[in-house]
Structures are given as C-alpha cells and as structure tokens.
Protein chains: 2
Amino acid sequence: MRISELSRRSGVPNATIKFYLREGLVPPGRATSATQAEYDEGHLRRLRLVRALISVRGLSVSAAKEVVGSLGEVEGDTYELLGLVFGVWPGADGNGPAGSGGGEGRGGGEDHDEGEDADVDALVAELGWDVTEFSPARKTVTQTLNTLRNLGLDCGWRDLVPYARLAERTATLDLDQIEGPDDPLEKAERAVLLTFLLEPALLALRRLAQESEAAARYRDQGLP
Amino acid sequence: MRISELSRRSGVPNATIKFYLREGLVPPGRATSATQAEYDEGHLRRLRLVRALISVRGLSVSAAKEVVGSLGEVEGDTYELLGLVFGVWPGADGNGPAGSGGGEGRGGGEDHDEGEDADVDALVAELGWDVTEFSPARKTVTQTLNTLRNLGLDCGWRDLVPYARLAERTATLDLDQIEGPDDPLEKAERAVLLTFLLEPALLALRRLAQESEAAARYRDQGLP
DNA sequence: CTAATATAGATAGTGCCACTCTCCAACTAG
DNA sequence: CTAGTTGGAGAGTGGCACTATCTATATTAG
C-alpha cells in the first residue's frame, strides 16, 4: 500500500506519517522508484503502536523512537530481549534530567545526584530482587524519595517495601501475559504494549480504588 | 521573606516564581506597599510542592494549578476533601483529549468516545467498588482497553481484574499513610503527595520487578 | 499521448507551552 | 543621596510536535 492508504487505515494524517518516517519511528517503505514506495501491514502495525505510545501513554517522539527501536534489534535469547525492552526507560513522562527536585533544605546541603542509590540498594536487597545496577528506574525511585523528604515527609525506603511487594505481583501478571507467543519478536512487542500502555490504566485503577476506599473509610463520618 | 529569599531557598529562579504567581500556582504574598510583598513558609512549601508536581511527576502548569487549587478549598469533611483531591485527574501525563487513540480498524468503525464505559462499569461492578460515574479515571481505563484491542490483543475488562485487586491494596496502603494527621488540610496535602508523587516511583518499581522476574524466568535458558 | 492526480522527500512555517527577559515605578539599605 | 531590589506587566525565546508548501517524478483516466 502507499502512504495515503496507510493514513486512511491508521487515522494518522499524511504529513504526520512523513514526519515519523523522517524521525525513524516507522521504517521506510520498500522503494519501487524514485518517488514511490510500498508499505505493508507491518508498517501499519508499527504506526498504530507509535501512535498509542505517543497519544495514550504520552511519550515524547524521541522516547517512542527508543522504545520501538529496541524492537528492531531482537537478536539474543528471550532474557536479553526482555532486558532490552524493560531497560528502555522513558521516565514516568517525557522528562529529562530534572535535578534532584531542586531546593536544598534550610541547612544548605549540596546537590549531588551521582551514585546515592543507597536507598534503592537497600530496598532491592531487602526484596531479594535481581536487577542490574544500571536500570534507569533506580534513579526515579531515589528521586521520589528525596523529593518526599524534601517536602517534609519523613519516609525512607522501608515505606516502599509493601508497595514493592505489590509491584512484584503486578510484574508477575505482566510476565504471565507475555508467556503466550513463542516468537521472541511477538513476546517483545507484547512486553512493550503491556509495560507502557498499561501504565496509565494502572494509575487510573489506583485512583478509582483510592476513591472507593476513601468512601468506605470516611463517608458519613462528619468532621474527623 | 521576599521573592529572592524564596528563590534562594527553593532553588527556583526568580523569574519562574513570578510566572507561577501570575498563573496562580502560588498565592500572592501579603503586600506591604505598592512594590513590596511578604512571603512566608507556607509560600515556600507550596512552591516546593508545585515544583515537584511539575518536574518530578511531569504535570503541566495548568494541571498542577488544578491540583494545588483543590488544596485551597478545604471546607467539608474528610470524605469530601479526599474526593476533591482524588477527583482531580491530570491524566497519566499532561495529555488533553487524545481521541480514542485514533485509527478505526479495517472495517471502518466510527469513533464515539461518549458513554461507552460498559467495560469499566462491569469491572467496577465485579470489584464491588464504590466510585462515582464521573471519575475521570474511568475513561483512561476505557481508552487503554480500546487501544490494546485496536492493536490486535484480545483483552477485555476481565484481564484487568487481577491488576485492579492489586490497585485496591495499593490504595489501602495510600489511605493508611494519610491516617496520621488529624488536620484535614494536612491530610489533603499528604493525599496529593502520595497520589501524584508516588506515581513515577510505583511505575519504576514495576519496571524493576519486571526485570527481576524476567531474570528469574528466562536467564540462562537459551532460545525459547 | 496528454492531463489530472498522487507521491517521496526536503524545507520552512505554525501553534503551544514553559519559562525568561526587559522595563519601569516604587521602595529600602547603607 | 545613591545603588541595588522589588513587584508587576508585557514581550521574547527555545523546544517540540506537527503541518504546509514545494519540486521532481509516477501513475492513471481519457
């Protein structure tokens, strides 16, 4: 098919597809001549995935590129492959390096954001998790802990342990979901879908559950 | 204190504080004359919160305004108050209305994004949750489900039930954390902190857990 | 064959957003 | 008195995600 059909079937404007092609989010079509190229179902599929990552999950174009890029380099075994997928870390959003949340306390401490993962190390050790030292998710946890303390809550890594146990079970569900296909490529794509696209839904479920739990605890209870 | 001290102690540039004041993210100081105003610890606290919501959580300025705005209108009982906080829904990111993820299938279905929460209704009923019909989180779940189906996964609301059960327990932890303070205002602020700032960390924990679980299942296993 | 339409690829432009800069008329510290 | 700060307002900046235009072909309807 040509670009217009791709556009019609995906709902993505013609010009935007060209933009994604230029940015490398979608691989180029098979050129049939100087000004003609042929696209297939794979392109359509990729286009839909990119669209979902950007508009549903809210990834930036460059983050989405990294994510789908990891899909293109499937070479090793399943473990390596999933490591590649899970290792990609376009933050909780499109954020780059945001420092450590700014603001030294009244004492005037220094800002150092290198190393300093002592909290996460302890947490990981306590949980018995098997994660590399380079997972980008580490610094997200560190930063959150720092920020919360910065805002006056006295919380440490121990407070995260119960949350981490639940995350563990969530991850088990995730991995169960990708057991299905034998094809490593399909496994990888499914991992991307579940990891990234489920994120907004998981947060939404937490909100609904909070609402429900708050109703159970505090409704018809008057002022505390 | 005056604006420069606010800036020094928060690490937020002078001009940015002025911008936040203009946008209403931080309340105006107590004016002592035509060109002088006085700020207090409350302003500093608010400024740090706003900064965290924007740079750690990745909220847009307008979303952050909504969130902190809800803190200013504490009037009713604890239930109402938490409803106000939890009800604020600046999506999974700074996204506005992103349609239903674009793209009709090959059949050429129509896009309707009104109502259509049948899936979520069933899910909520199954879970026995007590949530209003107007929670913005509802359409996030609906949209995710639609998007996943659109991408070729055959998944329904039933697949979310186990995730929802875990969300339920996460919410229980959350509500436990805000039991502490008796002051409704402090409860509300804590709810904001836990709800929004913990989100990146929860997702990061899930990633780490995925990595660890993948290692346990697939490492040293060769090609599938 | 011609004419109308479509296409790939490149370049430039648009709109939004989160700041950031520049001014100016008051202040205020030394 | 003078130098430096402040609050306030408006304009300017840079990044990002597209979007529009242009050109040299290609295809296709007649």
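Chain letters run A, B, ... following the sequence lines, proteins first and then strands; every chain starts at 1.
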*Asks:* Measuring from the side chain of A:Ser60 (C-beta onward, heavy atoms only), which nucleotide among D:dA17, C:dA18, C:dA26 has the closest atom?
*Replies:* D:dA17
*Asks:* In whole angstrom, what separates B:Glu5's CD from C:dA29's P?
*Replies:* 14 Å
*Asks:* Would A:Glu189 and A:Arg45 pass as an ion pair if we require N to O under 4.0 Å?
*Replies:* yes
*Asks:* Look at B:Thr35 and C:dA25 and indicate whether a side-chain polar atom (N or O) is within less than 4.0 Å of OP1 or OP2.
*Replies:* no
*Asks:* Indicate, with a heavy-atom threshold strictly under 4.0 Å, whether A:Ser4 touches base, sugar-phosphate, or nothing.
*Replies:* sugar-phosphate
*Asks:* What is the distance from CD1 of A:Ile17 to C1' of D:dA20, rounded to the nearest Å?
*Replies:* 16 Å
*Asks:* How many whole angstroms separate atom CD1 of B:Ile3 from atom C1' of D:dG4?
*Replies:* 16 Å
*Asks:* What is the distance from CG of B:Asn14 to P of C:dT22, rounded to the nearest Å?
*Replies:* 14 Å
*Asks:* Can you measure B:Lys18 atom NZ to D:dG10 atom P for me and round it to whole angstrom units?
*Replies:* 14 Å
*Asks:* Using whole Å, report how far CD of B:Glu38 lies from P of D:dG7.
*Replies:* 9 Å
*Asks:* So, the side chain of A:Glu38 versus the backbone of A:Met1: is there a donor-acceptor pair under 3.5 Å, distance only?
*Replies:* yes
*Asks:* Looking at B:Thr16, does any N or O in its side chain come under 4.0 Å of the phosphate oxygens OP1/OP2 on C:dA18?
*Replies:* no
*Asks:* Between the side chains of B:Arg2 and B:Glu5, is the shortest nitrogen-to-carboxylate-oxygen separation below 4.0 Å, so that they form an ion pair?
*Replies:* no
*Asks:* Taking the nucleotide of DNA chain D with the closest heavy atom to each, which residue, A:Arg22 or A:Gln36, is nearer the 5' end?
*Replies:* A:Arg22
*Asks:* Looking at A:Tyr20, does any N or O in its side chain come under 4.0 Å of the phosphate oxygens OP1/OP2 on D:dA17?
*Replies:* no
*Asks:* Could you tell me how far apart A:Phe19 (CZ) and C:dT7 (C1') are, to the nearest whole angstrom?
*Replies:* 20 Å
*Asks:* Expressed as a whole number of angstroms, how long is the span from B:Leu21:CG to D:dG8:C1'?
*Replies:* 10 Å
*Asks:* Select from B:Met1 and A:Ser33 the residue whose nearest nucleotide in DNA chain D is closer to the 5' end of that strand.
*Replies:* B:Met1
*Asks:* Scan A:Ala15 against the nucleic acid and name what it touches under 4.0 Å (heavy atoms): base, sugar-phosphate only, or nothing.
*Replies:* base
*Asks:* Is there a side-chain hydrogen bond (donor to acceptor under 3.5 Å, both in side chains) between B:Ser7 and B:Asn14? Walk through the geometry before answering.
*Replies:* CA-CA 6 Å; B:Ser7 169; B:Asn14 212 298; 4.9 Å; no
*Asks:* Would you mind telling me which of C:dC19, D:dC18, D:dT25 lies closest to the side-chain atoms of A:Ile54?
*Replies:* D:dC18
*Asks:* Do B:Glu41 and B:Arg48 pass the salt bridge (Lys or Arg N to Asp or Glu O under 4.0 Å) test, and can you show the C-alpha distance, the side-chain angles, and the key distance before you say yes or no?
*Replies:* CA-CA 11 Å; B:Glu41 296 295 324; B:Arg48 284 188 172 135; 6.0 Å; no
